[in-house]
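Just so we're clear, the structure is a prediction, and the values are computed from it rather than from any experiment.
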Amino acid sequence: QVQLVESGGGLVQPGGSLRLSCAASGIIFSIYAMDWYRQAPGKQRELVAHITRGGSTNYADSVKGRFTISRDNAKKTLYLQMNSLKPEDTAVYYCYAQTLGTWGQGTQVTVSS
């Protein structure tokens with residue numbers, strides 16, 4: 001059974017940092033490209049960052065230079081390092097394996113003073 005479990009969300013002040021994790025099970029993690037998406041209240045889910053199985057990355061313009069996606073294939077874990085957080089980054093963040101069509105349950109990130 002394929003499972004993706006996010007963690008690391010929370011409440012942080014503007015300018016702060018968080019690191020999200022997504023632990024995968026039931027898959028050969030290393031062979032899949034992975035994504036981080038987010039969904040803010042009243043808005044559509046949007047792609048934040050993408051990483052290929054080879055480690056190449058792409059980012060939404062709104063997070064370039066602030067967020068870093070990475071992966072540890074030995075630990076079967078996907079990461080999203082988020083720096084210089086802004087109130088507009090507030091959302092539920094999801095990891096996604098597109099090839100498998102599998103979503104995690106999401107983790108809430110709230111940026112507020």
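The OG1 atom of T107 lies 7.0 Å from the CD atom of Q105; values are rounded to the nearest 0.5 Å. Remark: T52 OG1 to N58 CG distance equals 8.5 Å, nearest 0.5 Å. Note that CZ of R53 is 7.0 Å distant from CD1 of I31, once rounded to the nearest 0.5 Å. Here the OG1 atom belonging to T68 is positioned 11.5 Å from the CZ atom belonging to R19, to the nearest 0.5 angstrom. To the nearest 0.5 Å, atoms CG (D35) and CG (L80) are separated by 11.0 Å. Here the straight-line distance linking atom CZ of R38 with atom CZ of R45 works out to 13.0 Å at 0.5 Å rounding.
Side-chain heavy atoms closer than 4.5 Å link hydrophobic residues (I, L, V, M, F, W, Y) into clusters, and following such links, possibly through other members, connects M34 to V63. Connection of V92 to V12 is not established within any shared hydrophobic cluster, with ILVMFWY side chains joined at heavy-atom distances below 4.5 Å, either directly or through further cluster members. Both I69 and F67 are assigned to one and the same hydrophobic cluster, defined by single-linkage of ILVMFWY side chains at heavy-atom distances under 4.5 Å. There is a path of hydrophobic side-chain contacts, each under 4.5 Å, that joins I51 to Y32. Residues Y59 and V109 share a single hydrophobic cluster, defined by chaining ILVMFWY side chains whose heavy atoms lie under 4.5 Å apart.
In terms of modelled atom types and a separation under 3.5 Å, the side chain of T90 and the main chain of V111 share a donor-acceptor contact. A donor-acceptor pair is defined here as one N or O able to donate and one able to accept, closer than 3.5 Å; no such pair exists between the side chain of E6 and the backbone of L20. At distances below 3.5 Å, at least one donor-acceptor pair connects side-chain atoms of R71 with backbone N or O atoms of F29. Side chain of K76 to main chain of I27: a donor-acceptor pair is present (N/O by atom type, distance under 3.5 Å, no hydrogens or angles).
S84 and S17 get closest at one heavy-atom pair: N-OG, 4.4 Å. In terms of heavy atoms, S113 sits closest to P14 at N-CD, 3.7 Å. Residue Q108 comes nearest to A91 through the heavy atom pair NE2-O, 3.4 Å, listed as atom of the first residue, atom of the second, then distance. Across L47 and A60, no two heavy atoms sit closer than the pair O-CB, 3.5 Å. Here the closest non-hydrogen pair linking A23 and T77 is CA-OG1, 4.3 Å.
In this structure, E88 places its CD atom where more than 12 heavy-atom neighbours from other residues, nucleotides or ligands lie under 6.0 Å away. For Q98, the CD atom is loosely surrounded, since the number of other residues' heavy atoms within 6.0 Å does not exceed 12.
Using a 4.0 Å cut-off between a side-chain N of Lys or Arg and a carboxylate O of Asp or Glu, D89 and K86 do not qualify as a salt bridge.
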Take D72 and S70 through the side-chain contact (heavy atoms from CB on, under 4.5 Å) test and state the conclusion after the steps. CA-CA 7 Å; D72 185 330; S70 62; over 6 Å; no
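The residue from Y37, W36, Y93 that alone fulfils the ring-ring contact (aromatic ring centres under 6.0 Å, His included) condition with W103 is Y37.
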